[in-house]
There are 2 protein chains.
Amino acid sequence: MTKTAPPAATPVSLITNVRVADGRHVDVAIADGRIAALGAALPRQDAVRIEDGAGALLLPGFVEGHTHLDKTNWGLPWYRNEVGARLTDRIENERHWRARSGHDAGTQSLALARAFVQMGTTRVRTHVDIDTDAGLRHLDGVLATRDTLRDVLEMQIVAFPQSGLLGRPGTAELLDRALAAGADVLGALDPALIDGDPVKSLDLSFEIAQRHGKPIDIHLHEPGEVGAFTLGLLLDRVAALGMQGQVVVSHAFCLGALPERERDALLERLAALRVALLTTAPAAVPVPPLAACREHGVTLFGGNDGIRDTWTPYGSPDMLERAMLIAMRYGLRRDDDLALAFDCVSSVAAHACGFADYGLQPGARADLVLVDADTLAHAIVARPPRRLVVSNGRVVARDGVLVDL
Amino acid sequence: MTKTAPPAATPVSLITNVRVADGRHVDVAIADGRIAALGAALPRQDAVRIEDGAGALLLPGFVEGHTHLDKTNWGLPWYRNEVGARLTDRIENERHWRARSGHDAGTQSLALARAFVQMGTTRVRTHVDIDTDAGLRHLDGVLATRDTLRDVLEMQIVAFPQSGLLGRPGTAELLDRALAAGADVLGALDPALIDGDPVKSLDLSFEIAQRHGKPIDIHLHEPGEVGAFTLGLLLDRVAALGMQGQVVVSHAFCLGALPERERDALLERLAALRVALLTTAPAAVPVPPLAACREHGVTLFGGNDGIRDTWTPYGSPDMLERAMLIAMRYGLRRDDDLALAFDCVSSVAAHACGFADYGLQPGARADLVLVDADTLAHAIVARPPRRLVVSNGRVVARDGVLVDL
């Protein structure tokens with residue numbers, strides 16, 4: 001039995017002297033990968049390995065609610081973006097670039113997933129491209145990454161028809177195979193503006209999801225009134241098929257650009273059907289209004305979208321940066337409001353995606369982040385290197401560097 | 001004569017092997033604080049001190065076009081923001097807080113100015129509060145900071161009536177004294193919505209500025225049509241008084257929320273009168289449109305606004321972060337578009353503020369930043385620690401740390 005800090009990704013059983021949101025200094029006892037107790041001056045005699053928290057701020061492991069691990073160029077030479085402005089330009093460009101470049105979704109998703117862990121993220125929902133060019137190749141790569149990191153990163157995989165569902169025959173069958181092969185969630189994309197037939201597209205998506213008993217997470221970029229129309233069709237199907245609580249609408253730009261009355265009617269339906277919304281909080285386009293979502297009881301959570309890929313140069317595996325961008329997008333300045341932005345990449349995201357046993361309470365999975373910051377708001381704007389990251393009860397990063405991963 | 005790297009903020013005479021925007025590897029020769037030559041394989045025999053650029057990307061020193069060094073809590077314990085949402089709430093809160101807290105504008109402005117230098121900024125325009133409570137106290141503090149850093153940071157000071165010009169008798173006289181005491185630019189604030197009398201407020205501002213032969217930089221937060229009305233009144237005075245090229249309108253939110261025809265008419269007048277616009281690229285409010293400004297020949301440059309003060313928890317002395325936020329606000333993704341965002345915090349800002357001898361050409365002041373990044377866009381999104389910062393020909397920061405400052 002040693003009482004020194006562990007050198008590697010080994011289980012820790014007690015973290016002493018960390019600060020929680022209300023300013024109290026507490027210890028955290030960990031057993032079997034879970035929080036056993038959290039309180040002042042916990043007994044040390046049973047602790048196999050002790051970490052000194054040194055008064056750092058304790059946060060729960062972060063949750064990435066929407067990214068595309070398979071697409072990233074993280075760690076590769078800079079990708080020079082010369083892509084046209086339309087959604088279809090970006091889709092075409094990516095497919096052609098992948099065919100040329102030998103981009104490897106396994107290698108790339110592992111590089112980015114490790115960076116997420118390093119910066120304190122312990123749960124990720126990632127959309128993985130499924131199309132008739134690549135088949136299930138990207139899925140296979142991301143499944144391998146999930147397996148490699150299974151002890152320290154909980155990953156949900158969304159089988160995502162990036163090139164559309166209806167336009168390329170064979171896509172539905174590939175999605176079927178993806179769900180059978182281990183994808184957790186069925187993805188979908190702009191039933192009107194990409195697929196051109198919102199009723200047929202939505203009906204097929206719901207049919208596939210129901211056949212596998214899997215939830216849905218749809219990319220809905222469609223703006224304003226057309227987005228509202230598609231969203232209404234989607235909600236009809238959630239109600240008719242009893243899929244309450246099993247659908248996420250990602251982006252939902254339309255909700256940021258509707259007359260208030262029409263918007264609120266949709267928010268009421270979203271709340272009643274427990275359909276959650278995901279935002280990346282983009283600065284340049286309308287976004288679902290956070291305050292109105294909260295008033296109506298609609299779950300709104302956050303994510304990066306792609307990170308340094310052929311679509312976008314932006315994004316970061318540091319979810320504190322995403323919390324900052326969310327807070328800035330919604331004009332939040334008060335400390336209590338910044339805490340709401342953090343919720344979007346932590347507890348609310350865990351709830352919306354269905355990541356179980358999340359939080360800082362006894363019984364939760366021991367996914368913990370220590371940062372040198374005075375308060376949560378300070379952590380969000382300063383984003384210091386993570387002093388310690390514990391995932392599933394194991395130390396996985398120390399002073400900003402991965403250990404034994 | 002030594003040829004080793006200098007240990008401190010001493011003059012450097014040759015930087016070898018740096019990459020410029022087009023990918024060429026060049027050397028930079030420096031003499032008397034200026035770029036003497038920039039080219040391949042410059043002669044080394046005359047070089048007193050040589051820095052090895054190691055192939056890093058060479059950028060010009062950054063320009064902060066609008067901040068408030070006197071307000072910041074940089075380096076202090078976290079300020080918990082519990083302030084109301086209105087502009088007047090924030091103004092009142094700050095004045096009361098300063099009276100209570102003993103906030104010292106000299107100490108604080110120096111702390112933040114040093115952080116700017118550390119991250120590669122060599123020119124700053126800072127607005128300094130002048131009001132009837134504090135008198136010229138904040139100005140005195142910032143003047144002291146300017147003097148302390150005079151060899152490495154060129155600072156323009158705007159005498160800024162944060163509590164309004166008309167509402168508190170004695171303010172105009174304080175502004176007079178501030179300009180006489182060393183402030184470079186006359187500031188102003190919302191002539192209609194804060195001062196309540198746009199004609200009287202603007203007339204007085206122009207009278208003060210003209211009496212001192214100083215330019216104007218006005219905070220115009222006024223939204224939509226009322227902002228357009230005030231902006232029109234301002235432009236009338238620029239034309240009537242011959243102050244073309246001597247006025248900056250900061251924020252100018254109104255230009256982001258007008259019908260296109262009305263907006264374009266204002267942009268045409270702005271271009272003709274050479275009135276520049278400053279944006280912080282806030283994500284939550286309308287902003288002057290970058291593309292339309294460029295089409296009309298209107299100068300649009302960038303800055304932080306306040307940094308970690310009682311107004312806002314956000315902001316950073318890293319102008320690469322501001323470039324990223326500008327690029328995100330305008331939905332820029334292509335590498336050539338991200339370069340435009342960088343221009344807003346470098347060449348365009350220098351031009352708009354009138355910082356002389358700016359750039360990477362021979363004869364310019366040797367204000368240089370080296371970063372480990374593949375390209376400019378990569379530098380903007382990754383924001384690595386600065387490998388080397390040279391200001392006025394002196395090494396002021398190395399590997400992210402200030403040297404001898």
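In what follows, chains are A, B, ... by sequence order, proteins preceding strands, each numbered from 1.
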Between [X] and [Y] (side chain of the first, backbone of the second, donor and acceptor by atom type, cut-off under 3.5 Å), is there such a pair?
| X | Y | result |
| --- | --- | --- |
| A:R333 | B:W311 | yes |
| A:R334 | B:E82 | yes |
| B:D374 | A:W78 | yes |

- request: Could you tell me which residues satisfy salt bridge (charged side-chain N to carboxylate O under 4.0 Å, His left out) with A:R263, sequence neighbours excluded, listed by chain and number?
  value: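 For A:R263, no residue satisfies salt bridge (charged side-chain N to carboxylate O under 4.0 Å, His left out) once neighbours in sequence are set aside.
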task: Go through B:D337, B:I380, B:V83, B:T312 and name the one with the most non-hydrogen pairs under 4.5 angstrom from chain A.
output: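 Max contact count across the listed options: B:V83.
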query: With respect to chain A, which residue among B:L338, B:D336, B:L325 yields the maximal number of heavy-atom pairs within a distance under 4.5 Å?
result: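 Of the candidates given, the most pairs with chain A belong to B:L338.
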query: Going by heavy atoms in the side chains, are B:T375 and A:Y79 under 4.5 Å from each other?
result: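 Of all side-chain heavy-atom pairs linking A:Y79 with B:T375, none is under 4.5 Å.
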field: A:A382 portion near chain B, given a 4.5 angstrom heavy-atom threshold
entry: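 Both parts, backbone and side chain.
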message: If you count heavy-atom pairs within less than 4.5 Å of chain B, which of A:S316, A:A327, A:G331 leads?
response: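 Ranked by contacts with chain B, first place is A:A327.
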message: Tell me the closest heavy-atom pair linking A:N81 and B:D335, and the distance in Å.
response: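 Heavy-atom minimum between the residues: N-OD1, 2.7 Å.
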query: Who in residues 281-289 of chain B is close to chain A, using a strict under-4.5 Å heavy-atom cut-off?
result: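 So the qualifying residues are B:A283, B:A284.
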Interatomic spacing from CE in B:M328 to CZ in A:R329 - rounded to 0.5 Å: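 Interatomic distance, B:M328 CE to A:R329 CZ, rounded to 0.5 Å: 11.0 Å.
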message: Given heavy-atom pairs under 4.5 angstrom as the criterion, report whether the side chain, backbone, both or neither of B:L332 touches chain A.
response: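 Both parts, backbone and side chain.
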